[in-house]
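The next block holds one structure in the form of structure tokens; read it before the comments.
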Amino acid sequence: MARKLNLRIWRGDSTDGGLKDVQVDVNEGEVVLDVIHRVQATQMGDLAVRWNCKAGKCGSCSMEINGKPRLACMTQVASFDENETITVTPLRAFPIIKDLVTDVSFNYKKAMEIPAYEHPKDLAPGAARMEQIDVERSQEFRKCIECFLCQDVCHVVRDHEENKKSFAGPRFFIRIAELDMHPLDTLKNRKRKAQEEHGLGMCNITKCCTEVCPEHIRITDNAIIPMKERVVDIKYDPARMFSAILKREKRD
Amino acid sequence: MSGVFSPTRAKIKERTLRTDKWWIEPLITFAVLISFVIYASFRAFENANYYIEPLISPFYSPCLSSACVEGSSLLGTPIGTIAIFGLVISPALFILIFPLGFRMTCYYYRKAYYRSFWMSPPACAVAEPHEKYTGETRFPLIFQNAHRWFFYAGLVFNVLLTVDAILAFKNAEGQWGHMSVGTLVLLANSILLWGYSASCHTCRHTLGGRLKHFSKHPIRYKLWTQASALNHYHQQFAWVSLFGVAFADIYVRAVASGAITNVYFF
Amino acid sequence: MTLERHKYDVLVIGAGGAGLRAAVEAREAGLSVAIICKSLFGKAHTVMAEGGAAASMGNVNDNDNWMVHFRDTMRGGKFLNHYRMAELHAKEAPDRIWELETWGALFDRTKEGKISQRNFGGHEYPRLAHVGDRTGLELIRTMQQKIVQLQQADGREFGDMESKIKVFAECTITEILKENGKISGAYGYWRETGSEILFEAPAIVIATGGVGKTFKITSNSWEGTGDGHALALKAGANLVDMEFLQFHPTGMVWPPSVRGILVTESVRGEGGILTNNQGERFMFKYIPDVFKKQYADNEAEADRWYEDQDNNRRPPELLPRDEVARAINTEVKAGRGTEHGGVFLDVSKRIPAEVIKKRLPSMWHQFYELAGVDITKEAMEVGPTCHYVMGGVEVDPDSAAAIGVPGLFAAGEVAGGMHGSNRLGGNSLTDLLVFGRRAGAGAAAYVKSSGANPVSDAAIKSAADRLEAPFSRTGGENSYSLHAELQEVTHNLVGIIRTRSEIEEAIAKIADIRARSKNVAVAGGRKFNPGFHLAFDLDNMLLVAESTAKSALLREESRGGHTREDFPGMNSTWRQVNHISSFDGNQVNVKAQPLPIIPKELFDLFDVHELEKYMTPAEIAKGGSN
Ligand SMILES: Cc1cc2nc3c(=O)[nH]c(=O)nc-3n(C[C@H](O)[C@H](O)[C@H](O)COP(=O)(O)OP(=O)(O)OC[C@H]3O[C@@H](n4cnc5c(N)ncnc54)[C@H](O)[C@@H]3O)c2cc1C
Ligand code: SF4
Ligand code: SF4
Ligand code: FES
Ligand code: FES
């Protein structure tokens, strides 16, 4: 049942690199990660690739397959034409380390910048009561497997290295949204910070993050736009601006 | 070089390695939007053929300037006549500014034109041509945050256009109880516009999205759930309602100019 | 080149649930902590846990309490568990879950707004706190974010967020270092660059997870290579009961590339039934005597149980994993399996499609994307897969200190004793939390009382030499093929069903592979080179396999995760011993050691007639220790 597959793999490191053509056996039902492993075991013992679960649960095997950011373990070889060459490259938004492995530390740095959850001071462990409908919105965002495909595809940083300083990226906008919608979180100024410190305004809602998310999280519709609306609530809402002028007070 | 060609990134010369026809979608969007803009501008400056009892074009309703043809000014003519260098400004311009602003700041249309006009980005994982990018953080794009203002204005227009559709149950002599193809056209237009507004992100947010505890506001939760369901199709509403407006105008123009007659059912 | 060195109070090897919980505890005790893991932060095995975390909160059925949970755990482990660990676990699990909620976790809710709990094999009441079928993800992310919270607090206090807790991701520890018989630090390499790194610390918590990669068909990822087991052995600690491996009854069997990937037990908990190729719901034939009281012997009663759990017995699909795995194995061997060598598992008949998608979203996703099967319409094909190792480092239950090595602690899957001969589903996640916390506290207490213990240059040199060796060899063995060979051996000879002759053969073959592994050569450079990484992982897997095979040979009975064809029954005298593996520098030696005697107050929690099935008359007469 095995057939030959033409694969082009980017090999190299920060100094240089390029696409290498290889031919490899492929069996029915295999995913791209399987054939990469076969190449590794039989032809290129030192081919660098990240993976863990092989079931789309850990978000390690992120790469670009025919130019699209995807999980290699969830990309069926059969989804391509029989004689199509499949091109695999590392993520192109992050610094290259080697072959298919990139330096994703940008994302961990951003994770540390998002103010953590704040539990109500007087609420003892086990005393919390939350209704399912109140936790569902945040639960959608907590499905995130941190594959960073959304961070990779987002043109704000993919196409503009210099924006990395001031832009947290879609993965962390859903984190902010998750906390802002968390029924128990008590930290107050998340909306303002999202706009002023995490670069929410840099996003032009072009939705590529949503298109690539393997968890099908509706990043733009359910997190980014609602956060933008929440920012409008505190900064640009007509009714509130009017009443703020009247009352001369600043709200949060 | 910046972006995917930055020195730290994997060295790949192609702007994209996508093998599908990623450029089709922005191309079609561009073509359709630009056609609409050209047609709308032509109509706005034409300043004619927008009213024929009982039908009024959505581009001109409610005609507010004293330059309006008789009968078209539902709310009177508070603006009077404004002329620049002797040219009378078409009353459509005072109207169009609102729906235009609403659509320009619409979250969906923003995506559509950022991609197809500004190519920022043209498609996912395709490098954009710009050197610098600041998003919607400063002038002029910071004004996108005014979408809520336009949303409210849009609601007012929805009401007016619904009134127009109701008025279209008159006949050419102004008697109630008649219905023509034109009635259906205006009715369909106003329904689509309501659909567009109801599926708007701002609408979803105001109805319930801004709440922290749905369980404490069961009615608003219900409304939010319904707005969310519609919101899923906001893109479709955006397009269909755009075609709806254009078609309603084309129809009214055709009738008003005498090219066709508005057939009455009764 | 100068060697990269770091000094910390506590070193946590492993960033799964156990490691992270230990790190939080040690930091909150005021110490500085390094967390080291082989993958990126947040990718540890724990992230894959699906079903839930068992804790007797009694939110769904208020008859539940720690005593019921304790009984279930002991029953599931066939009374080979260390009673004290099972007791601590059952008592502390609810607090550990509630604590996660104060860190921001969002579990699924009951109607009253409490944490919802679901049914699972071997648990008498609905007991598993869960989030859909991605509970492990919730657990690990919550703790990851808790660590960020601690780091932010350190940032405010010391100006540097990483001053007191730092994560060293994609860094592999290859050696635990000791001076004067006590822990002094650890040595390893960065996977990214291949360059070496030294940690100096008086206390180490090992939380490296499982050993599944020693087997051919497994639910574990590449990380499950038993590193912690081997590191502990080499540092002079013992492993206990390494013959007990859990074969999860339901792994995917088709397509071949996903063989072994887990199908969560919640599929059965939510009402999935097992059938063979004749459409027979076969589990009714396999209810062992010890479980006859709790499990229904007819379909009507089993079906009623989903509506009314107080008046009906449970469906046999929810028997402990070892029973179900063996039953499936028997069905397939008897020719009643599916085309691809599994059996059918079906939820589509009982549950409406939307409910399946809501309760088992990632299972639906997994089958749809990987096997092209829509589980809301069709049955899944499943078969046993190597899932969990019950055996592990022998520890003191209260402090999680490894017996015999001052300064060494172990928690999570790498620690032994808690689960006896078979782990109940859902007990691992709370095990990680309960004993992770205790290990962190134990390590903190140890550091405060003992102080620093500097690493010697000689220790550094020998660790460094070992890392360099495979690069200096040319034309030696290939680590990939040796690994594949080892997996064949374990799978065929010390797998789910074992016999003396096969185990002996396995021991010989493992010794042979180990001899050849001394000669592994690595192609390419040091930079992110998986061949190089595997060479060291292989070393660990070989020690683990040896320990498993030798323990399996000694135990002449069948119990839990150890089934001997030549000794099919359970034997009460064998229940009285643990098998202790130690390493003498050359090979693993296994000896029997008496099991700690259960105290009277715990003994009395059981019905004596039940205990008679497990204990000798003399033990029963004694009635526990006093
Ligand atoms: C698919 C699947 C589903 C499961 N479902 C459930 C469930 O529903 N309920 C339940 O209770 N249990 C479940 N389990 C079992 C449970 O998930 C594991 O037993 C548990 O996660 C182990 O956690 P741990 O913290 O001990 O180690 P792990 O989470 O395995 O983490 C080990 C860590 O150690 C690191 N490490 C290993 N070796 C080294 C080294 N040499 N140097 C540095 N770092 C190292 C790794 O990088 C990793 O960070 C499941 C397991 C699997 C595989
Ligand atoms: S929608 Fe915003 S965050 Fe998402 S990819 Fe586009 S610009 Fe980035
Ligand atoms: S939001 Fe989606 S794409 Fe982004 S990191 Fe999470 S799972 Fe990946
Ligand atoms: S390997 Fe875990 S997501 Fe692909
Ligand atoms: S109209 Fe499109 S989002 Fe409001």
Side-chain angles (χ1 to χ4, degrees), chain A residues 13 27-31 33-34 40-42 44-60 73-74 76 97-99 101 103-104 108 111-112 114-117 119 123-132 134-135 138-139 142-146 178-179 182 184-185 216, chain C residues 39-43 45 47-48 57 94-95 98-99 101-104 106-109 112-114 116 131-132 134 137-138 141 144-146 148-149 151-152 161 167 169 192 221-223 254-258 261-262 362 365-366 369-371 478 480 522-525 527-532:
Chain A
D13 55 22
N27 303 308
E28 200 187 337
E30 286 189 329
V31 293
L33 186 63
D34 291 319
Q40 194 183 50
T42 57
M44 300 171 170
D46 60 343
L47 174 66
V49 58
R50 282 194 184 108
W51 68 285
N52 278 67
C53 67
K54 264 206 73 188
K57 292 197 166 71
C58 71
S60 303
C73 73
M74 296 303 274
Q76 292 275 351
I97 292 174
K98 181 173 172 242
D99 306 335
V101 173
D103 174 1
V104 292
Y108 290 97
M112 288 172 76
I114 310 295
Y117 168 75
H119 196 66
L123 193 60
R129 295 288 177 271
M130 294 181 260
E131 303 237 351
Q132 185 63 29
D134 291 333
V135 299
S138 297
Q139 279 185 333
R142 291 185 71 85
K143 284 196 309 198
C144 169
I145 57 173
E146 301 211 321
E178 170 211 318
L179 289 166
H182 193 300
L184 296 181
D185 179 56
H216 307 294
Chain C
S39 290
L40 291 171
F41 192 34
K43 310 292 182 203
H45 224 116
V47 86
M48 283 175 244
M57 296 181 283
D95 288 336
W98 285 323
E99 174 178 77
E101 208 164 62
T102 69
W103 299 348
L106 287 172
F107 292 99
D108 286 349
R109 320 301 301 180
E112 305 85 70
K114 298 180 186 170
S116 172
V131 188
R134 52 163 194 87
L137 173 64
E138 186 70 13
R141 206 63 87 224
Q144 214 179 326
Q145 287 159 351
K146 172 69 184 174
V148 165
Q149 185 193 53
Q151 287 175 320
Q152 289 173 347
M161 289 208 252
V167 179
E192 209 168 272
S221 80
W222 67 267
E223 290 198 308
W254 202 89
S257 67
V258 296
I261 290 182
L262 194 75
S362 68
H365 201 75
Q366 180 175 319
E369 310 237 337
L370 294 176
N478 172 330
Y480 293 101
V522 172
K527 210 167 182 180
F528 215 113
N529 182 345
F532 161 54

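Residue Asn52(A) comes nearest to Ser39(C) through the heavy atom pair ND2-OG, 3.0 Å, listed as atom of the first residue, atom of the second, then distance. Shortest non-hydrogen contact noted between Val49(A) and Phe528(C) is O-CE2, 4.1 Å. Shown here for Gln40(A) and Pro530(C), the closest heavy-atom pair between the two residues is NE2-CG, 3.1 Å. Nearest heavy-atom pair, Pro255(C) versus Gly29(A), reported as atom, atom and distance to 0.1 Å: CG-O, 3.7 Å. Considering all non-hydrogen atoms of both residues, Cys53(A) and Ser221(C) come closest at N-CB, 4.3 Å. Here the shortest heavy-atom pairing between Leu370(C) and Ala55(A) reads CD1-CA, 4.3 Å.
Of the possible polar contacts, one joining the Lys43(C) side chain to the Glu146(A) backbone as a donor-acceptor pair under 3.5 Å is found. Lys527(C) contributes no side-chain N or O that, together with a main-chain N or O of Lys98(A), makes up a donor-acceptor pair within less than 3.5 Å. In terms of modelled atom types and a separation under 3.5 Å, the side chain of Arg109(C) and the main chain of Met130(A) share a donor-acceptor contact. Without hydrogens or angle criteria, Gln149(C) side chain to Tyr117(A) main chain gives a donor-acceptor distance under 3.5 Å. A side-chain donor-acceptor contact under 3.5 Å links Arg141(C) to the backbone of Cys144(A). Judged by distance alone, with hydrogens and angles left aside, the side-chain atoms of Gln152(C) form a donor-acceptor pair with the main-chain N or O of Ala116(A) at under 3.5 Å. Gln139(A) contributes a side-chain N or O that, together with a main-chain N or O of Leu106(C), makes up a donor-acceptor pair within less than 3.5 Å.
Counting heavy-atom pairs under 4.5 Å between each of Glu30(A), Glu178(A), Lys143(A), Gln76(A) and chain C puts Lys143(A) at the top. The greatest number of non-hydrogen atom pairs below 4.5 Å with chain C, out of Ile114(A), Leu123(A), Leu33(A), Leu184(A), is found for Ile114(A). Ranking Val131(C), Val167(C), Val47(C), Asp108(C) against chain A, the residue ahead of the rest is Asp108(C), based on heavy-atom pairs under 4.5 Å. Ranked by heavy-atom pairs shorter than 4.5 Å toward chain A, the options Pro94(C), Ala523(C), Gly104(C) are led by Gly104(C). With chain A as partner, the option from Met161(C), Glu369(C), Glu99(C), Arg134(C) having the largest number of non-hydrogen pairs under 4.5 angstrom is Arg134(C). Chain C forms the most heavy-atom pairs under 4.5 Å with one residue out of Gly59(A), Gly56(A), Ala111(A), and that residue is Gly59(A).
In this structure, Leu40(C) and Tyr108(A) have side chains that are in contact, with non-hydrogen atoms separated by less than 4.5 Å. A 4.5 Å side-chain heavy-atom check between Trp222(C) and Arg50(A) finds every atom pair outside the cut-off. Between His365(C) and Lys57(A), the closest side-chain pair of non-hydrogen atoms is not below 4.5 Å.
Distance check: Glu138(C) CD to Arg142(A) CZ gives 4.0 Å after rounding to the nearest 0.5 Å. Between the CD atom in Glu223(C) and the OG atom in Ser60(A) there is a gap of 8.0 Å [rounded to 0.5 Å]. In this structure, CD on Glu192(C) lies 6.0 Å from CG on Asp103(A), to the nearest 0.5 angstrom. In this structure, the separation between CE on Met44(A) and CG on Asn529(C) is 13.0 Å, given to the nearest 0.5 Å. Taking CG of Asp46(A) as the start and CZ of Phe532(C) as the end, the distance is 12.5 Å to the nearest 0.5 Å. For the atom pair CD (Glu131(A)) and CD (Glu112(C)), the distance works out to 9.5 Å, reported to the nearest 0.5 Å.
Of the atoms belonging to Phe107(C), it is backbone heavy atoms, and not side-chain ones, that fall under 4.5 Å from chain A. Of the atoms belonging to Ile97(A), heavy atoms from both backbone and side chain fall under 4.5 Å from chain C. With a 4.5 Å cut-off on non-hydrogen atoms, Ile145(A) touches chain C through its backbone and its side chain both. With a threshold of 4.5 angstrom between heavy atoms, Gln151(C) approaches chain A through side-chain atoms but not through N, CA, C or O. Looking at Val135(A), both its backbone and its side chain come within 4.5 Å of chain C, counting heavy atoms on both sides. In this structure, the portion of Asp13(A) lying under 4.5 Å from any heavy atom of chain C is its side chain and not its backbone. With a 4.5 angstrom heavy-atom cutoff, Gln144(C) touches chain A only via side-chain atoms.
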